[in-house]
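Please read the structure below before turning to the comments.
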Amino acid sequence: MFKKFLTWLIVLPVTLLFAQCAIDNDIPYPFIEAAITTIEVEGQCNATGTGFGSAVINNDNHTVQLYVDDTVDLSRLSVKRLEVSNNATITVDNAVCVNPGSFPTQSFKETSNPEATRLNFTNDVQFKLTTYQDYIWTVHVSQIIRSEVSVFPRCVSAILSGSVKNGVVPGVEYREQGTQDWQTLPASQITANADEYKAEVTGLVPGTTYEYRMKYGAAATEVATFTTAPAQQLPNSSFDDWCSTGTGTKVLWMPWAEGETGYWDTGNRGATTVGASNSTCVTEDGRTFANLQSKYIVLKFAAGNIFTGQYLATDGTNGILSFGREFNTFPSKLQFDYKYTSSTINRTAGAWNNAYGEYISKGMYNQLKGQPDSCQIYIALLDDYVDDADRDANTYDGKVYPWIIRTSPKSLHLFKADSPRVIAYGQLTQGNSTDGWKTEEIELNYRYTDRTPKYIMVVASSSKYGDYFTGGDASLLQLDNVKLLYE
């Protein structure tokens, strides 16, 4: 009985001792709050992107707002300075670290290794600050894009270009004004080098306003607009309207309605100085069309022709014409109906003239006779004059014209498809007779995609070498339904 009582006396004080110790260790840790007091990142700026701006720190919400310019990449932004209060330990999720495990765990006023502090700020980044407790701070970085974009809209496409920012090629989003959903331009339609990019937006509607913005990762430029060029057609392009003057064998036919101003013209004024018009209209099987007949007219061979522009004057037996009319949009093709009868070239201007050498080789000229004649239809979009000499060459009677044609060898000045003034060009040369009417399309080859046309030239001739008074005097080109396509 005594032994049992002693055991209890010993055990009881020990139990009480341990119970007292447990009570002492239950004292709570102090509340020492941790906050971000300073943070700076590369490219930091103010909200307008016009200069440096300090971080906007909200201690109530534990948030930080930063702004950076468009010279940096949000996905690998280096933190240059980070200071926190109360010597808190800093923890960043490795998932946002460009180099996981390398971000400092204590405050730093500068870093000797920017690579160690690179974080992905395309989304908000959370910093855990630990004292006796954990405090979560959220940092949001907004990128201010001040990218200048050059836009060159055409009818069904637009070229957007600008500078590459920090090696980052932007994406492009666009939509028709008044619609909600953005369309993303495929990366395959964006080309770039180290300094600049060029993006081509296609499939647009002529004469329509579009909104666009450039995307640099999660950041975007402000929404801007451009308007595509309108789709224009040429007046009287079905050649239904004609008028005439004169009587007998010298009736002058003109491709415009009575009392109107012509958009098209022919060489008839030259032909009718000695004979009849060889470019006329015919109505047959329900259609009215231009009937362009090559002929030998008393003194000289004359090709049947029609062109946008005007006949200016006759110089002896030679013509002075102006090819081209004002025009400032961007067709992709020229479509037309035509029928052609070819004949053997039996007329030339005679012996070779050195003045022809700028436009045709002597060997080609000398072998034309006896060959099948060819018709030619071509379209050219022209820019302004290259220099003062070019302007002077296209001046007649004190007035400047789109492109002066002079057929006299003494002052020969013909069209040159390889001129630097030619923005786009396409042609059809047909040396065989057709089996009835055919619908044909000429595709315009744009040599420049950043120049707006000032003039359009559409020329059709029953004899390709008519400028040299060479061709077959039975060749006949019939032309109808000329139309510009915008695709």
Side-chain angles (χ1 to χ4, degrees), residues 249-250 252-253 264-280 290-307 309-323 340-378 393-394 396 403-417 427-431 433 457-479:
T249 59
K250 292 188 177 181
L252 172 62
W253 282 95
W264 301 82
D265 210 342
T266 70
N268 284 343
R269 279 179 56 192
T272 55
T273 58
V274 294
S277 296
N278 63 325
S279 299
T280 62
N291 196 72
L292 313 177
Q293 176 72 65
S294 293
K295 285 184 179 181
Y296 188 78
I297 304 176
V298 183
L299 300 173
K300 202 174 260 189
F301 174 83
N305 59 74
I306 194 166
F307 55 89
Q310 63 185 116
Y311 191 103
L312 300 177
T314 301
D315 180 14
T317 58
N318 300 286
I320 302 174
L321 304 81
S322 169
F323 281 2
Y340 185 57
T341 301
S342 175
S343 65
T344 300
I345 295 176
N346 62 344
R347 304 288 184 179
T348 70
W352 167 259
N353 191 308
N354 287 333
Y356 297 159
E358 188 175 351
Y359 305 96
I360 186 174
S361 71
K362 184 176 181 179
M364 178 177 288
Y365 176 82
N366 287 335
Q367 68 182 9
L368 287 174
K369 194 168 184 178
Q371 299 296 318
D373 202 359
S374 298
C375 69
Q376 187 173 64
I377 302 167
Y378 66 85
N394 291 289
Y396 174 74
W403 196 295
I404 293 287
I405 301 294
R406 298 175 184 268
T407 59
S408 171
K410 294 181 180 180
S411 57
L412 192 66
H413 188 254
L414 305 177
F415 174 65
K416 299 181 74 172
Q427 70 173 42
L428 168 74
T429 300
Q430 173 62 265
S433 299
M457 184 188 296
V458 178
V459 180
S461 176
S462 56
S463 294
K464 176 181 178 180
Y465 299 102
D467 288 337
Y468 315 102
F469 307 102
T470 296
D473 56 14
S475 297
L476 173 65
L477 173 62
Q478 296 171 313
L479 186 65

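The structure presented is a predicted model; accordingly, all values stated were derived computationally and were not measured. Count residues from 1 along the sequence.
Under the 4.5 Å side-chain criterion, counting only non-hydrogen atoms from C-beta, Asp467 is not in contact with Ile360. When side chains are defined from C-beta on, His413 counts as touching Asn394, because their heavy atoms get closer than 4.5 Å. At least one side-chain heavy atom of Asn268 sits less than 4.5 Å from a side-chain heavy atom of Asn278.
Tyr365 OH to Trp352 CH2: the interatomic distance, rounded to the nearest 0.5 Å, is 8.5 Å. To the nearest 0.5 Å, atoms CD1 (Ile320) and OG1 (Thr407) are separated by 8.0 Å. One finds the CD1 atom of Ile297 at 8.5 Å from the OG1 atom of Thr273 (value rounded to the nearest 0.5 Å). Expressed to the nearest 0.5 Å, how far CG of Asp315 lies from CZ of Arg406 amounts to 8.0 Å. Considering CD of Gln371 and OG1 of Thr470, their distance stands at 12.5 Å, rounded to 0.5 Å. Once rounded to the nearest 0.5 Å, the distance linking OH of Tyr340 with OG of Ser374 reads 6.0 Å.
Remark: the backbone N or O of Asn346 is not paired with any side-chain donor or acceptor of Asp473 at under 3.5 angstrom. Not a single donor-acceptor pair under 3.5 Å links the side chain of Tyr396 to the backbone N or O of Leu312. In this structure, Thr348 contributes its side chain and Gly350 its backbone to a donor-acceptor pair below 3.5 Å.
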Using side-chain hydrogen bond (donor to acceptor under 3.5 Å, both in side chains), reason through Ser433 and Thr341 one step at a time and then give a plain yes or no. CA-CA 4 Å; Ser433 299; Thr341 301; 5.0 Å; no
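Nearest heavy-atom pair, Phe469 versus Phe301, reported as atom, atom and distance to 0.1 Å: CD2-O, 3.3 Å. Across Pro372 and Ile345, no two heavy atoms sit closer than the pair O-CD1, 4.0 Å. In plain terms, the two heavy atoms of Ala271 and Ala276 that are nearest each other are CB-O, 3.7 Å.
In terms of the ring-ring contact (aromatic ring centres under 6.0 Å, His included) criterion, Tyr465 has no residue partners (sequence neighbours excluded). With sequence neighbours excluded, the residues satisfying salt bridge (charged side-chain N to carboxylate O under 4.0 Å, His left out) with Lys416 are Glu358.
Exactly one of Asp265, Ile405, Ile404, Thr266 qualifies for a side chain to side chain contact (heavy atoms under 4.5 Å, CB included) with Leu321. That residue is Ile405.
Residues in residues 291-307 take part in these side chain to side chain donor-acceptor pair (under 3.5 Å) pairs, two or more places apart or across chains: Asn291-Gln478, Ser294-Ser462, Ser294-Ser463, Lys300-Thr317, Lys300-Asn318.
In this structure, Tyr356 has its ring center closer than 6.0 angstrom to the ring center of Tyr468.
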